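Step one of this worksheet: look at the structure below.
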Amino acid sequence: MQNKVPVDTRKSPYAVLRGVEISDVQISGFLGGYLERAANVTLPSMYEMLEKTGRIDNLRFASGKKKGTFQGFRFNDTDVHKWAEAVSYLFATRKDVRLEKVLDTAIEEIRDAQDDDGYVDSYYPKDKRNERWTELGWSHEMYCAGHLIQAAVAHKRVTGNDSLFKIAKKFANHIDSLFGPNKRPELDGHPEVEMALVELYRETDDLRYLKLADYFVRARGRGYASSSKYPGITPEYFVDHKPFIELEELVGHAVRMLYLCCGAADVYLETGAKDLWQALERLWNDLVQKKMHITGGCGSRSEWEAFGKEYELPNKRAYTETCAAIASFMWNYRMFLATGDGKYVDTMEQVLYNGLLSGISLDGKHYFYDNPLENDGTHRRKEWFECACCPPNIARLITSLPGYMYSVSKDESKIFVNFYERNKANISTRFGNIKMIMETDYPWSEEVNIHFDKCEVTKEISICLRIPGWAEDFSIKLNGETINAKPKNGFIELKKAWGKGDSIDLFFSMPVEMIRSHPFVEENRGRAAVKRGPVVYCAEGVDNNFEVRALRLNHEKPDLHAEYGNITNLGKIVSISGKGFACDMDDWKGKLYVPMRKLKVDKPVEFKLVPYCLWANRDPKPMVVWIRLI
């Protein structure tokens, strides 16, 4: 039986939860809109870009089917692999004959580019065999292999077709024959293969893959992954300066670091290694307490796409790569599967509704690579990038979203409601099936209604409702009767023999909040961000007739109001309106410094704020998240 999930922990001995199959949840709310666009726009247009930019041709060059030389970055194969994974997840919720044919074509090109020994990487075709595995610090060969394995596992789980899986497994066997204990000690400079190998182990029960993943996690810190190819770059960039279990903080290239955490969490879920878990907890606390932007974005430095020092969270210079947000989401999900603690889903939610979805436009075919929290209006999403890791990465996250909505306890006596989104779910347990219909306009609405349809269960089952960490005021009614209970690990448990006609009504009060950052975050001193529920807001010039970066709010009487309605080109959303002050920019024309006695008093203004994840979908104008206070 195939389990159509991104992370399969059904047999993982140290997981307390398993995922729900993507095919069992049909989402149709705010997040569902992104999934529809992925099917109709994102994935078809993305394949066109893969062809247009030579990514598919690279595979044809490697197989000899077409004459030419490799184009682009040496890791460009991964854009094809991530796209294939995204399409595979999409097939769990719908049939698409057009995309099926295109995916079959891509798989054929990968297969034909594979060498007899299993190696497949179009940057190192057969006539470059002697160059393979010679510069792992920068070659991304195992990084490419990891994305191929993940795509292959997803394709096999969803479609039952093992055409891509055979290719990936053969490549994994080749890697295992060369690397690991008592073999070649080198590691890839970019972690990724670790979590892929664990997922391959879950799919095959072949311990070789788990052991190799464990080696790759633990062998870092010995100089096996570092490269001195570029002056000034240090082992910290590769997370190779000390063993993983000794790490006290998140360092180096943000995506590398977070993918390594994903791999370590996967190894823990299978082995229960306490030293790995202790390191993961330390690193998670470092993330949420010192190194994560309010949008959930990670990796503040554009220089080497790196984590900065603690509390180094700039706004205009914030890099916060889309791939880093996705990696954080993936890591937190694994931490949640290991513990059942809602704090990890809180972080997933913070990332998802802000710094992750900001990475893709509402037209479904333009993308941000970096996601600053303040801009003069020149930063715009692009159709593609020379380094295009982010577009297919966000595509695979979006098409797998239904699989993150719910979780089930390992004994299958509890169903966890992780996210609130309009959906229909048919969740199977060993005690029978439960069919639920969730009605809500979350994250805009404060109300969530869950109705139970046909339930074929032989015993009482618990429905565990996540109470978001931001929700200080909430209420729950079961069949019209108020439930008085306090959350435990972020969830409230309702246990009964569920049947057709049962209902749960939730209300989460979503006041408009002004948020302050830690006093050590230098750029945010004297500033506040505006948040409602899980959504962070920004002032965008297109909605305001003044320079939004000069906006000031009264910290004692901010006068903020939520309004639900249609915003041109943004759809039906909640915007925030209010009254504040803005300096007269005429005083500053042609001047850098002006005596205070010559400045006019800030003028009163009425302003509007929109969700950060939706900015830059309209005319190019300045934007700011952290607003000055008076």
Side-chain angles (χ1 to χ4, degrees), residues 4-6 19-43 86 89-94 295-296 322 325-326 328-330 332-333 336 344-365 367-368 371 391 393-407 416-427 436-450 465-466 468 470 506 508 510 532-536 564 567 570-574 610-615 617:
K4 302 171 185 177
V5 294
V20 170
E21 296 203 28
I22 297 171
S23 56
D24 288 345
V25 183
Q26 303 292 323
I27 63 175
S28 58
F30 176 66
L31 298 177
Y34 285 89
L35 182 57
E36 285 300 312
R37 286 190 292 275
N40 299 325
V41 179
T42 305
L43 294 174
Y89 289 141
L90 182 71
F91 292 164
T93 56
R94 69 202 65 206
T295 58
T322 298
I326 294 165
S328 176
F329 185 94
M330 293 163 59
N332 275 278
Y333 182 59
F336 174 60
Y344 299 113
V345 187
D346 284 349
T347 305
M348 292 170 70
E349 182 180 67
Q350 183 177 357
V351 173
L352 177 62
Y353 284 110
N354 301 292
L356 195 158
L357 289 182
S358 62
I360 187 169
S361 63
L362 288 176
D363 69 8
K365 56 183 180 180
Y367 311 91
F368 274 150
N371 297 266
N393 211 4
I394 200 169
R396 69 175 180 150
L397 190 282
I398 288 171
T399 55
S400 62
L401 274 174
Y404 294 102
M405 295 291 121
Y406 300 91
S407 299
F416 288 73
V417 182
N418 303 332
F419 294 98
Y420 297 102
E421 159 82 358
R422 190 181 310 131
N423 72 80
K424 295 180 180 180
N426 186 12
I427 300 174
M436 295 186 288
I437 301 171
M438 184 182 294
E439 296 289 344
T440 184
D441 283 326
Y442 194 94
W444 319 123
S445 175
E446 298 174 314
E447 297 180 2
V448 179
N449 310 111
I450 302 174
L465 306 165
R466 183 175 66 92
W470 52 260
L506 297 96
F508 299 119
M510 293 184 180
R532 180 181 180 270
V535 178
V536 175
Y564 187 39
I567 302 290
L570 297 186
K572 195 173 184 181
I573 62 170
V574 169
V610 297
Y612 170 80
C613 68
L614 302 179
W615 84 279
N617 277 288

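Values below: every heavy atom of this structure, side chains too, minus hydrogens, waters and symmetry copies. Since this is a predicted model, take the numbers as computed values, not measurements.
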Inset, instruction - Any chance you could measure Ser23, atom OG, to Asn426, atom CG, to the nearest 0.5 Å? - result: 9.5 Å
Inset, instruction - Look at the rings of Phe336 and Tyr333 and say which category their plane angle falls in: under 30° parallel, 30 to 60° tilted, over 60° perpendicular. - result: tilted
Legend entry - Inter-residue atom distance Glu36.CD - Ile27.CD1, 0.5 Å rounding: 9.0 Å
Legend entry - side chain to side chain donor-acceptor pair (under 3.5 Å) partners for Tyr404, two or more places apart: none
Legend entry - Stepwise side-chain contact (heavy atoms from CB on, under 4.5 Å) test for Val351 and Ile326: CA-CA 8 Å; Val351 173; Ile326 294 165; over 6 Å; no
Inset, instruction - State, yes or no, whether a side-chain contact exists between Val535 and Val574 at a heavy-atom distance under 4.5 Å. - result: no
Legend entry - Atom pair CE/NZ of Met436 and Lys424 - distance to nearest 0.5 Å: 14.0 Å
Inset, instruction - Search all heavy atoms of Ser361 against all heavy atoms of Arg37 and return the closest pair with its distance. - result: O-NE, 4.5 Å
Legend entry - Minimum-distance pair of heavy atoms, taken over all atoms of Val41 and Asp363: CG1-O, 3.3 Å
Legend entry - Pair Tyr406, Asp24: side-chain N/O donor-acceptor within cut-off below 3.5 Å: no
Inset, instruction - Examine Arg466 relative to Phe419 and say whether NZ or CZ is less than 6.0 Å from the centre of the six-membered ring and inside a 45° cone about the ring axis. - result: yes
Legend entry - Test side-chain contact (heavy atoms from CB on, under 4.5 Å) applied to Val417 and Val448, step by step: CA-CA 12 Å; Val417 182; Val448 179; over 6 Å; no
Inset, instruction - With the side chain counted from C-beta on, respond yes when Leu614 and Leu362 share a heavy-atom pair under 4.5 Å apart, and no when they do not. - result: yes
Legend entry - Minimum side-chain heavy-atom gap Arg422-Asp441 below 4.5 Å: yes
Inset, instruction - Quick one: do Leu35 and Leu401 satisfy side-chain contact (heavy atoms from CB on, under 4.5 Å)? Show the steps, please. - result: CA-CA 8 Å; Leu35 182 57; Leu401 274 174; over 6 Å; no
Inset, instruction - Could you pull out the closest heavy-atom pair between Phe30 and Tyr34, with the gap in Å? - result: O-CD1, 3.5 Å
Legend entry - Validation row: Asn418, Met348 side chains within 4.5 angstrom (heavy atoms): no
Legend entry - Spacing of Glu439 atom CD and Asn449 atom CG [to the nearest 0.5 Å]: 7.5 Å
Legend entry - Rounded distance [0.5 Å steps], CG in Leu465 versus CG in Leu506: 5.0 Å
Legend entry - Main-chain N/O of Trp470 paired with Asp346 side-chain donor or acceptor, under 3.5 Å: no
Legend entry - Expected output: side-chain Asn332 to main-chain Thr347 donor-acceptor under 3.5 Å: no
Inset, instruction - Write down the atom of Leu43, the atom of Ala86, and the distance for their closest heavy-atom approach. - result: CD2-CB, 3.7 Å
Legend entry - Non-hydrogen side-chain atoms of Thr322 and Tyr367 separated by less than 4.5 Å: no
Inset, instruction - Please confirm whether the backbone N or O of Trp444 pairs with a side-chain atom of Arg532, one donor and one acceptor, at under 3.5 Å? - result: yes
Legend entry - Which atom of Pro402 lies closest to which atom of Val25, heavy atoms considered: CB-O, 3.5 Å
Legend entry - Main-chain N/O of Tyr89 paired with Thr399 side-chain donor or acceptor, under 3.5 Å: no
Legend entry - Heavy-atom donor-acceptor pair, Thr295 side chain to Asn354 backbone, under 3.5 Å: no
Legend entry - side-chain contact (heavy atoms from CB on, under 4.5 Å) assessment of Leu570 paired with Val610: CA-CA 9 Å; Leu570 297 186; Val610 297; 4.1 Å; yes
Legend entry - Gap between atom CE of Met405 and atom CD1 of Ile22 - 0.5 Å precision: 10.5 Å
Inset, instruction - Go through the structure and list residues passing side chain to side chain donor-acceptor pair (under 3.5 Å) with Asn617, not counting sequence neighbours. - result: none
Inset, instruction - For the pair Glu421 (side chain) and Gly32 (backbone), establish whether a donor and an acceptor sit closer than 3.5 Å, ignoring hydrogens and angles. - result: yes
Legend entry - Distance-minimising heavy-atom pair for Ser358 and Phe368: O-CD1, 3.2 Å
Inset, instruction - Keeping the roles fixed (side chain from Ser445, backbone from Tyr442), state whether a donor-acceptor pair exists under 3.5 Å. - result: no
